[in-house]
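So the structure is just underneath, and the comments pick up after that.
Count residues from 1 along the sequence.
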Amino acid sequence: MGRARLAAFGMVALAASVLCFKLGIWQLRRHAERQATYKARAAALAMPIVDLDTIGGEVDVWRRVRVAGQFDETRQMIVVNRPLGGQPGVVVVTPLRTAGGSAVLVERGWVPTTDATAVDLSSMSEPGLLTVIGVVRPASEQPARVGGAQWPALVTGVTPSMVQHRFPYALRPMVVQALPTGDAPAVPRRFEVASPTPGPHFGYAIQWFAFAAIFAVGFAAYAWRHGGPDRTRQQSAPGEPGVENGE
């Protein structure tokens, strides 16, 4: 193989090896960030339940809270396209009006549907004064798009500040995921908060580092086989100087 072509292959292999190594470093950083996030989440979940009515400001995400009030079932929202175990479904969000006059958006739970949008809420009423035990969820990762002006509103995510204009009363700057209790209805289905998991990033980092090694070691072996001294020089006759083997 010509030296120029071998050098070109070497540059490509080096670039690929460096890129894979950098991707491995990035995955290690993502792993560290995920670990820190889930440690904070586990710590918040382990804290005692706080009465939301006694707190005037914001509450840390994943903190367990208790809030009393009455659901305003005339202004509910349906978070569309929330499949579970391969089954299409939605999440029902209902404002819980408190004694102070404001309201808290509560994720009442998951409902299976045929098209991941339409759901009949008339059979899912929770009337009267009640107490909700739940956790403060993080803000939606995507902008909440509201479809139409009718109720229930179809949304892609729930962020109180983005839907405040639809309500005649103030919304607390949080969304509470209702946890299952003994008196909770079967539908909407409520869930416990999933336990933190380490995630796949560390495994991905190992894979990228392995790819980096494969490119580097693989090229070195290939170069030695095709461009080593025994391949780049011809054997000369006895007593004659060696001649470069130009391909």
Side-chain angles (χ1 to χ4, degrees), residues 37 40-41 44-45 47 49-84 89-111 113 115-122 124-181 184-185 187-191 193:
T37 298
R41 173 175 164 180
L45 288 170
M47 297 179 69
I49 297 177
V50 64
D51 193 340
L52 198 57
D53 296 331
T54 64
I55 299 178
E58 296 186 8
V59 181
D60 293 338
V61 295
W62 302 117
R63 182 72 187 270
R64 292 183 299 158
V65 296
R66 179 189 299 107
V67 56
Q70 186 170 357
F71 281 126
D72 180 2
E73 297 179 350
T74 65
R75 296 181 177 87
Q76 301 192 81
M77 292 180 289
I78 298 174
V79 185
V80 299
N81 297 324
R82 291 296 181 91
L84 179 65
V90 299
V91 171
V92 177
V93 178
T94 308
L96 183 73
R97 300 201 64 179
T98 63
S102 62
V104 180
L105 295 178
V106 176
E107 288 189 0
R108 290 206 287 145
W110 180 82
V111 180
T113 65
D115 60 0
T117 56
V119 60
D120 182 10
L121 299 178
S122 61
M124 305 174 196
S125 178
E126 295 183 68
L129 186 64
L130 45 81
T131 299
V132 173
I133 304 294
V135 294
V136 177
R137 292 295 304 269
S140 175
E141 295 183 355
Q142 58 180 339
R145 296 189 298 274
V146 181
Q150 76 283 353
W151 297 101
L154 302 181
V155 300
T156 57
V158 178
T159 302
S161 62
M162 298 188 70
V163 296
Q164 174 64 79
H165 66 281
R166 297 288 303 271
F167 295 88
Y169 40 78
L171 298 175
R172 295 287 295 268
M174 65 189 69
V175 177
V176 173
Q177 175 190 332
L179 297 175
T181 56
V187 180
R189 183 179 174 186
R190 295 173 182 172
F191 294 96
V193 177

Indicate the atoms forming the closest heavy-atom contact of [X] with [Y], along with that distance.
X	Y	answer
V79	V93	CG2-CG2, 3.8 Å
T98	A68	CG2-O, 3.5 Å
A103	P95	CB-CB, 4.2 Å
V132	V106	CG1-CG1, 4.2 Å
G134	V176	CA-CG1, 3.9 Å
R137	W62	NE-CH2, 3.4 Å

R108-T94 side chain donor-acceptor pair, cut-off 3.5 Å: yes
Could you list the residues that satisfy ring-ring contact (aromatic ring centres under 6.0 Å, His included) with Y169, not counting sequence neighbours? F167
Hey, is CG on D51 packed in by over 12 heavy atoms from elsewhere, all under 6.0 Å?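 Buried by this count: over 12 neighbours within 6.0 Å.
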Run L84 and R189 through side chain to side chain contact (heavy atoms under 4.5 Å, CB included) and show every step you take. CA-CA 11 Å; L84 179 65; R189 183 179 174 186; 4.1 Å; yes
Under the criterion side-chain contact (heavy atoms from CB on, under 4.5 Å), which of V187, T113, V80 is the partner of V119? T113
Heavy-atom donor-acceptor pair, R97 side chain to G69 backbone, under 3.5 Å: no
Roughly how far, to the nearest 0.5 Å, is the [atom2] atom of [Y] from the [atom1] atom of [X]?
X	Y	atom1	atom2	value
L129	L96	CG	CG	8.5 Å
L52	I49	CG	CD1	12.0 Å
L105	L171	CG	CG	5.0 Å
T159	Q164	OG1	CD	12.5 Å
R82	T156	CZ	OG1	8.5 Å

Are the side chains of [Y] and [X] in contact, using a 4.5 Å heavy-atom criterion?
X	Y	result
P185	M124	no
L121	E73	no
W110	R190	no

For S161, enumerate each residue passing the side-chain hydrogen bond (donor to acceptor under 3.5 Å, both in side chains) test, keeping only those at least two apart in sequence or located in another chain.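 Checked S161 against side-chain hydrogen bond (donor to acceptor under 3.5 Å, both in side chains); zero matches.
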Under the side-chain hydrogen bond (donor to acceptor under 3.5 Å, both in side chains) rule, collect the residues that match up with R63, sequence neighbours excluded. none
Checking F71 against Q76 for the side chain to side chain contact (heavy atoms under 4.5 Å, CB included) test, could you report, in this order, the C-alpha distance in whole Å, the side-chain angles of both residues, the deciding distance, and whether it holds? CA-CA 9 Å; F71 281 126; Q76 301 192 81; over 6 Å; no
Tell me, with the steps shown, if L179 and V135 meet side chain to side chain contact (heavy atoms under 4.5 Å, CB included). CA-CA 7 Å; L179 297 175; V135 294; 4.0 Å; yes
